[in-house]
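Notes for the one structure printed next.
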Amino acid sequence: AQGCCSLTLLEHTQAVWSVAFHDTGDFVVSGSMDHTAKMWDLNTGRCRQTLRGHMDSINSVTFMPYTNIVATCSGDKTVSLWDVRSGLCQQTLYGHLNSVNHVSFDKRGDMLLSTDADGGFKIWDIRTVSERCGINVGPFPANKASFDLSGNYVTIPSDDSSLKIYGITEGKVLSELKG
């Protein structure tokens with residue numbers, strides 16, 4: 001059987017870099033070079049909320065698990081937390097020195113991981129709204145990152161064809177896999 005497009009969402013004015021589903025499956029959030037993120041209702045095909053505040057492209061978006069909170073990161077070197085019900089920015093996290101490439105929550109939603117174009121990554125404690133740790137695994141950009149299911153380890157792929165495994169408890173890179 002051939003697949004077909006069932007819905008096209010058209011309101012961004014520039015390229016879309018990232019998209020993420022809400023846990024219910026009824027909504028997606030998208031991030032764009034037009035400096036906005038949009039929350040879409042998949043049942044109606046309409047944009048429910050436009051999140052404005054970044055000064056550069058939004059490079060990655062993700063929902064905090066089982067909540068209405070969205071994290072966005074941007075070329076403006078910031079990470080922002082948004083309440084998509086109100087469309088208001090709840091918190092902006094500063095500390096990256098270059099474009100932030102990716103954001104990812106742990107499964108509990110109490111830690112947020114962000115990576116940047118300098119090869120750095122930061123783990124943010126969402127409960128205290130503070131940086132828990134930051135490390136530079138550069139000099140190549142850290143393109144993405146993810147927590148393991150336990151929340152004790154982070155994987156960081158890089159432009160140098162490597163994958164680094166960081167131990168949160170140990171506070172250091174435990175292993176580096178080269179492709």
Check whether any side-chain heavy atom of Lys107 sits under 4.5 Å from a side-chain heavy atom of Phe147, and report yes or no. no
Is it the case that the ring center of Phe27 lies less than 6.0 angstrom away from the ring center of Phe63? no
Hey, mind stepping through Arg132 and Ile168 against side chain to side chain contact (heavy atoms under 4.5 Å, CB included) and telling me if it holds? CA-CA 10 Å; Arg132 182 170 171 181; Ile168 294 173; 3.6 Å; yes
Of all the heavy-atom pairs spanning His96 and Ser114, show the shortest one and how long it is. NE2-OG, 2.7 Å
According to a 4.5 Å side-chain heavy-atom criterion applied to Ile, Leu, Val, Met, Phe, Trp and Tyr, with indirect links allowed, do Leu174 and Ile156 form part of one hydrophobic cluster? no
So, do Trp82 and Val29 sit near enough that their side-chain heavy atoms are less than 4.5 Å apart? no
Which atoms form the tightest heavy-atom contact between Asp41 and Arg48, and what is the distance? OD2-NH2, 2.8 Å
Minimum-distance pair of heavy atoms, taken over all atoms of Val100 and Asn59: O-ND2, 2.8 Å
Dump the intermediate steps for side chain to side chain donor-acceptor pair (under 3.5 Å) on Thr50 and Lys38, then the final yes or no. CA-CA 5 Å; Thr50 299; Lys38 293 182 181 287; 3.0 Å; yes
Contacts of His22 that satisfy side chain to side chain donor-acceptor pair (under 3.5 Å) - sequence neighbours left out: Thr24
Less than 3.5 Å apart, which donor and acceptor atoms pair up between the side chains of residues 137-146 and the rest of the protein, not counting sequence neighbours?
| from | atom 1 | to | atom 2 | distance (Å) |
| --- | --- | --- | --- | --- |
| Asn143 | ND2 | Asp159 | OD1 | 2.7 |
| Ser146 | OG | Thr155 | OG1 | 3.1 |

NZ/NE/NH1/NH2 to OD/OE distance under 4.0 Å, Asp160 and Lys164: yes
Can you tell me how far CG of Leu112 sits from OG of Ser104, rounded to the nearest 0.5 angstrom? 7.5 Å
Is there side-chain contact between Met39 and Val70, with at least one heavy-atom pair below 4.5 Å? no
What I'd like to find out is whether the side chain of Phe21 reaches to under 4.5 Å of the side chain of Leu42, using heavy atoms alone. yes
Between Gly87 and Leu51, which heavy-atom pair has the shortest distance, and what is it? CA-CD2, 3.7 Å
With clusters defined by side-chain heavy atoms of hydrophobic residues (ILVMFWY) lying less than 4.5 Å apart, directly or transitively, does Leu81 cluster with Val103? yes
Positive for side-chain contact (heavy atoms from CB on, under 4.5 Å) with Ser30, one of Ile58, Val16, Leu9, Thr36: Val16
Quick check on Leu97: does its CG atom have over 12 non-hydrogen neighbours (other residues, nucleotides or ligands) under 6.0 Å away? no
Nearest non-hydrogen partners of Gly109 and Met64, listed with the distance: O-CE, 3.7 Å
For Arg85, which residues count as a side chain to side chain donor-acceptor pair (under 3.5 Å) partner, sequence neighbours excluded? Asp83
